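Letters go in sequence order (proteins before strands), and every chain restarts at 1. Remember, predicted model here, so these are calculated numbers, not experimental data. Heavy atoms only: backbone and side chains are in, while hydrogens, waters and symmetry mates are out.
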Amino acid sequence: MKGPFELLIAFAVLLATLAAGYALGEYWTGFLARSVTWIFVAISFTVAYAYANVPSVAQATLFGIGAYAALWAAEPVAGNLLLLLLAGSLAGFIAALLIGVLVMRMSRIGASIATIIIAVIASLLGNATVPLTGGADGMAVPRVDFHVFGLPVAAGPNETTLLLGVAVLALLLGGIWLISQTHTWRVIRAVQQNSMRAQVLGYAAVKYRLVVFGASGAIAGIGGSLYAVVSQHLTTDLLSLFMSLKAITWAAVGGVATVFGGPIGVLLVQVFAEVLSRWTFRTDMFVGALLVLVALWLPGGLMSLLGRLEAIGRRDEGTLNGVSAVGGIAPKPKLRKDIK
Amino acid sequence: MVWQSLAFQVVNGLVWSMFIALVALGLNAIYGLLGILNIAHGAIYALGAILAWYVVSLIGEFWIAFFVVPIVVAIASIPLYHGILKHTIGKEMIVGLLATSGLLFILTDAQLALFGGAPRSISPPVGGAIELFGLVYPAYRFLAAAIAAAILLAFWAFLRFTSMGVWIRCVEQSPTLARASGVPVGKVHLIIVALSAYFAALAGVLAAPMTIVHYQMGMPLLGSAFIVIVVGGLGNLGGAVAAAAIIGVGRGILSVFLSPTYAEIAAIALLLPILILRPNGIFGDRA
């Protein structure tokens, strides 16, 4: 993970989201509160893809499992939000571990297809178990008095839940950045880059990948439980393959090389679709076109632009000293008189 | 009575497995040669069924749709290859996934815009039923499955006995060596994309009189097709056909004892342990 610059950008985006939510009125507050919960699933995909080496197409399924866990736990924990988040993250973590056991030995492409299968099964199962999930019509989250640290929290798409979502997300991103400074993280990177080499060096590569994939499930689960509080109504669409594909596209638009791309990807795509929906019903068509354009011209996502700017900056710096950033001698700058 | 029901479901499973295999064939070929997981493949299957509905509604002749629609869809896939798919070959897996997801969104939304969200149906072009060992089964289903099986066999012969088939197999094994040997790799890629679109659309046309025509009808089949190619072994065409038969018949047998949804879940879930024992599929090592 690169320096704190990306973290600062992500924090700036979150602050801007919060400010926009408060300034633009009730509708946009609710819209942004929902969008913030989607950021968790985008980040969870990036963690699974970039750090556990599992291109999972079932991250929305884990998000949905977290959401339903929160729905079922709402009454037993009497609306305690910390316990709800714990229930969601635990459900996501356990589900991800179970999936991880299955896919760890597979090739990347095999793992990807296996997760597609799991997303299909989860979607079918969700629709078949109507008393538990409400099926396609959905199920309402029980009306309990939600609270955190003794303070009451009004459920629904409002300023309080937007603030809650942004706060939890900021803690998560900060936590990930702190972990990225540790020795354990370096081992995770080593395993991700070459698991065979890491294994030979004595690290239990599969175990590391499994735990990281489990963590990606926990992140999706936290997002799911927040979504349950914001939305107050869950349907099995959350578990669908289509939803997981959306999660991938959010992550890819932001940039899958870094978890800090998630907030930008989700907000850009969602705001783009929302603004478009004022003029046309065909928002999916335009979002699809946006995805194709990103795939063709910006495959590293928006965050890769930062890397390019950094490289340009380094090159300019190197050129000033007469030495290029990659170590060679920089070409002599052209003089104005040479350019005809 | 249970045996009769069981026999019916086995035959039904075999019939459906031919369509799944036809869809999986294109999916597998695109992955095997271009290295792309084509998420939009199910939407092409739906497109075939929708265009067939239009042809039958306007002209009233199913067999015109059978011959024309897959060719039209295959031709339409050529600009998609040149404009999008070609530029994702050899890149990170996520790039192909993103591009084909974008295509899925575009195609599905376009189908919704043109066709609407209401499900439609097409009458089978061949009426009546065939009695086989005391089992009465719709004649069209037999015919459609036989056509699908013949197409699969023809594709196998095409791969085995034609120079283009040899080129395709060469590119699958090593694109670099194939290019060095003078094989037009770009042309092979284009033909595979067009063929896979043809197969998916043909499966859609054939399945249309047997199911409900809907703009989202491709998604459940896409799931089954992915299962088939991972269980059969990625890039292994014969394995995909065998896996399609296993899953189709398994689902049929289970549906005698369980509700259709649970039968589908159980049929898929039963295949998951196979993936733990053989992560590259039943026939994966030979791929």
Taking every non-hydrogen pair under 4.5 Å, which of B/V95, B/T88, B/L103, B/T100 racks up the most with chain A? B/V95
Please indicate whether A/F286 has more than 12 foreign heavy atoms, meaning atoms of other residues, nucleotides or ligands, lying under 6.0 Å from its CZ. no
Within a reach of under 6.0 Å around CG of A/L305, are more than 12 heavy atoms found that belong to other residues, nucleotides or ligands? yes
So which heavy atom on [X] is nearest to which on [Y], and how close?
| X | Y | answer |
| --- | --- | --- |
| A/K246 | B/F105 | CG-CZ, 3.7 Å |
| B/I265 | A/A128 | CD1-CB, 4.4 Å |
| A/L245 | B/I39 | CD1-CG2, 3.4 Å |
| B/H87 | A/L296 | CB-CD2, 3.7 Å |
| B/I94 | A/A252 | CG1-CB, 4.4 Å |

[atom1]/[X] to [atom2]/[Y] distance, rounded to the nearest 0.5 angstrom?
| X | Y | atom1 | atom2 | result |
| --- | --- | --- | --- | --- |
| B/E92 | A/Y49 | CD | OH | 3.5 Å |
| B/D109 | A/F281 | CG | CZ | 11.5 Å |
| A/M285 | B/T108 | CE | OG1 | 9.5 Å |

Contact class of [X] relative to chain A, heavy atoms under 4.5 angstrom:
| X | value |
| --- | --- |
| B/L107 | neither |
| B/F226 | both |
| B/L37 | side chain |

Sorted by chain and number, sequence neighbours left out, side-chain hydrogen bond (donor to acceptor under 3.5 Å, both in side chains) with A/E274 holds for A/Y27
Do the non-hydrogen side-chain atoms of A/T249 and B/L98 ever get within less than 4.5 Å of each other? yes
Side-chain touch A/L125/B/Y262, heavy atoms, less than 4.5 angstrom: yes
Do you know which of A/I117, A/N127, A/V120, A/V101 has the most heavy-atom pairs under 4.5 Å to chain B? A/I117
Is A/L124 in contact with chain B via its backbone, its side chain, both, or neither, using a 4.5 Å heavy-atom distance? both
A/T283 portion near chain B, given a 4.5 angstrom heavy-atom threshold: backbone
Quick check on the structure: residues of residues 18-25 of chain B within a heavy-atom distance below 4.5 Å of chain A, by number. none
